[in-house]
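Right, one structure below, let's go through it.
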Amino acid sequence: MVPAPLFHSDDLRRWRSCERRFWLARHRLRRGEPSSAPEPAPEADVALRASFPHADTVAAPQTPSQWLQAMRHTLDCLDSDAAMPEGWAILGACLTSEDRAQVRIDVLTAGEHGLRLFKVRHATVGDEADVDTVALWTHVAARCGFAVQGAGLLLVDTDFVYPGHGCYAGLFREVDLRPVLGSRPVAQWLHDMRDCEHGPEPAATPGPHCHQGSGCEFAASCKACAPPPRSRRAIPPGALRLDPAVAALAQTWPHPHRCLRFDTIDMAVPVWSGTRPYQTLPFQWSCAVQDADGSWNDHQFLADAQGGDPRRAFALSLLQVLGDEGAVLAYNAGFERNRIRELAQWFEDLAPALEALLPRIVDLYQVLRSHQQDPVKGGSWSFRAVAQAVAPDIDLALRLDPALDAEHEGSAQSVFALMHRPGQSAAVRQACREALRVHGQREAVVLRRLLALFDQAG
């Protein structure tokens, strides 16, 4: 029998949500069955190192021998007699307590009267699981004989404006958790976890946690599992029967018809100077243009992942293609309108031309919803759901070749982020660009099909 590993943060998270999930995960390990290793704390990135420029990083251990090396590395850093400079920290500090708990702490740094430890979240708020994790880290550090002066979270400060040149000092804000850690009886939890592990299989405790995040890995075999949240069904192909009056309305839209779709990204760690965390930034537009004779031409803009802030190039190219006449057709067009307004705020010299676009925008979502002959009840009206109804042959999924050792399916935002990742290979960047280009073209085709549906209604 393979010895069970020590308890870690994922064990505590499972046990706190559902003792059966914890029990099954631990017994799978005890039987030697393959299982995912505890997720290591995020690797120190450029933004984190800006706050701790003298940080020492402990490599994420995956095996027992690597854990021993990581703990020695951590203790060597803590045993140094040298004065700790401002900005000193250990990123990924590894510690083990005598009550069988093993932790990897995101940030361990020095205070005036002891150590300070932080869990890093590339988010604006934390949750109860974060508090539990910090409580466990604090418990283990104290059991190892270290005086813990402070403990908390490092969260993204949305008021931070990136000045450029890799200057991320101030991106994170500290949230002190000491006032609430006393309500976490970690020692008792570890005792109860040991009893649970060695006892009979517990009953499941169904609830929202069954499907939160990536969901419980044992949900499929759990009869007590809470049902997943009901998702609104897609609109069946052919179910959109429209009032013939919509055809007459479509005839009033002046040519050229321009079917427009934007893709945006909101990054926790901004990469373009003058932008904030989670600011919605456009990086791609796709536009299919129909002239009065019925012919179509495709146009597109996609930011270069290594080319800096794309907003001005985005705006200039958009103005060139949209021109100063004709209807601009978008689905749920408030999104495109807001992005155009933001571009006008950023670039005063382009503002008059950008603002002149706004009255020309037609929201196909509003037209579709208000001209149903037999209203579809209970269906989703998202762009993807409508695409399945009007263009079932168009696959909007974004996929990359798994042979590239990259995320092979995701959203336009996630693929652009993958393309923008520092050190990314040229092959992956090119694959991402091609996937995004095709994705934009397909979205424009969906808008063309929707426009054709309006014409056919007459």
Just wondering, do [Y] and [X] contact through their side chains at under 4.5 Å, heavy atoms?
{"X": "F335", "Y": "T264", "answer": "yes"}
{"X": "D192", "Y": "Q188", "answer": "yes"}
{"X": "F146", "Y": "L78", "answer": "yes"}
{"X": "P277", "Y": "P270", "answer": "yes"}
{"X": "I105", "Y": "V140", "answer": "no"}
{"X": "M267", "Y": "V269", "answer": "no"}
{"X": "Q284", "Y": "F262", "answer": "no"}
{"X": "C222", "Y": "C216", "answer": "no"}

If every non-hydrogen atom of [X] is compared with every non-hydrogen atom of [Y], which pair is closest and at what distance?
{"X": "A60", "Y": "Q66", "value": "O-OE1, 4.3 Å"}
{"X": "L400", "Y": "A435", "value": "CD2-CB, 3.7 Å"}
{"X": "A268", "Y": "V156", "value": "O-CG1, 3.8 Å"}
{"X": "L260", "Y": "C287", "value": "CD1-CB, 4.1 Å"}
{"X": "V120", "Y": "D106", "value": "N-OD2, 2.8 Å"}
{"X": "C94", "Y": "M71", "value": "O-CG, 3.5 Å"}

Is the closest side-chain donor-acceptor distance between [X] and [Y] under 3.5 Å?
{"X": "R341", "Y": "Q345", "value": "no"}
{"X": "T96", "Y": "W67", "value": "no"}
{"X": "R49", "Y": "T57", "value": "yes"}
{"X": "E443", "Y": "S286", "value": "no"}

* Hey, does the Lys NZ or Arg CZ of R311 hover above the aromatic six-ring of W272, less than 6.0 Å from the centre and inside 45° of the axis? -> no
* Stepwise salt bridge (charged side-chain N to carboxylate O under 4.0 Å, His left out) test for D349 and R312 -> CA-CA 11 Å; D349 60 321; R312 188 171 183 85; 2.5 Å; yes
Would you check if the side chain of [X] reaches a backbone N or O of [Y] as a donor-acceptor pair within less than 3.5 Å?
{"X": "R261", "Y": "E336", "result": "no"}
{"X": "N297", "Y": "V289", "result": "no"}
{"X": "R116", "Y": "Q149", "result": "no"}
{"X": "R339", "Y": "L281", "result": "no"}
{"X": "R143", "Y": "S97", "result": "no"}
{"X": "Q300", "Y": "R437", "result": "yes"}
{"X": "Q279", "Y": "D266", "result": "no"}
{"X": "N338", "Y": "G334", "result": "yes"}
{"X": "R173", "Y": "L153", "result": "no"}
{"X": "T205", "Y": "S17", "result": "yes"}

* Asked: Can you tell which of E217, E19, H209 makes a side chain to side chain donor-acceptor pair (under 3.5 Å) with R14?
  -> E217
For the [atom1] atom of [X] and the [atom2] atom of [Y], what is their distance to the nearest 0.5 Å?
{"X": "F283", "Y": "D309", "atom1": "CZ", "atom2": "CG", "value": "14.0 Å"}
{"X": "Y278", "Y": "I265", "atom1": "OH", "atom2": "CD1", "value": "11.5 Å"}
{"X": "L302", "Y": "F416", "atom1": "CG", "atom2": "CZ", "value": "6.5 Å"}
{"X": "L436", "Y": "Q441", "atom1": "CG", "atom2": "CD", "value": "11.5 Å"}
{"X": "E86", "Y": "F52", "atom1": "CD", "atom2": "CZ", "value": "10.5 Å"}
{"X": "L95", "Y": "H139", "atom1": "CG", "atom2": "NE2", "value": "12.0 Å"}

* Relative to each other, are the rings of F301 and W285 parallel, tilted or perpendicular (30° and 60° limits)? -> parallel
* Anything under 30° is parallel, anything over 60° is perpendicular, the rest tilted; go ahead and classify H122 against F172. => parallel
* Could you go through the side-chain contact (heavy atoms from CB on, under 4.5 Å) check for T109 and I90 one step at a time? => CA-CA 6 Å; T109 187; I90 305 173; over 6 Å; no
* To do: Tell me, yes or no, whether the heavy-atom count around H191 atom NE2, taken from other residues, nucleotides or ligands under 6.0 Å, exceeds 12.
  => no
* In terms of heavy-atom contacts, does CD of E98 have more than 12 from other residues, nucleotides or ligands at under 6.0 Å? -> yes
* Steps toward salt bridge (charged side-chain N to carboxylate O under 4.0 Å, His left out) verdict (R26, D11) -> CA-CA 8 Å; R26 296 293 296 185; D11 286 322; 2.8 Å; yes
* To do: State whether D132 and R13 are salt-bridged, where the test is any N-O pair (Lys NZ or Arg NE/NH1/NH2 against Asp/Glu carboxylate O) under 4.0 Å.
  => no
* To do: For residues Y168 and Y162, establish whether the separation of their ring centroids is below 6.0 Å.
  => yes
* Quick one: do D304 and H420 satisfy side-chain contact (heavy atoms from CB on, under 4.5 Å)? Show the steps, please. => CA-CA 9 Å; D304 185 347; H420 207 285; over 6 Å; no
* Structure fact -> Checking V107, L177, V134 against L117 for side chain to side chain contact (heavy atoms under 4.5 Å, CB included), the one that qualifies is V134
* To do: Output, in order, the C-alpha distance, side-chain angles, deciding distance and verdict of side-chain contact (heavy atoms from CB on, under 4.5 Å) for L75 and R72.
  => CA-CA 5 Å; L75 294 175; R72 292 193 191 101; 5.9 Å; no
* Start with the C-alpha gap between R276 and F160, add the side-chain angles, then the distance that decides, and say whether side-chain contact (heavy atoms from CB on, under 4.5 Å) holds. => CA-CA 6 Å; R276 295 177 287 101; F160 170 80; over 6 Å; no
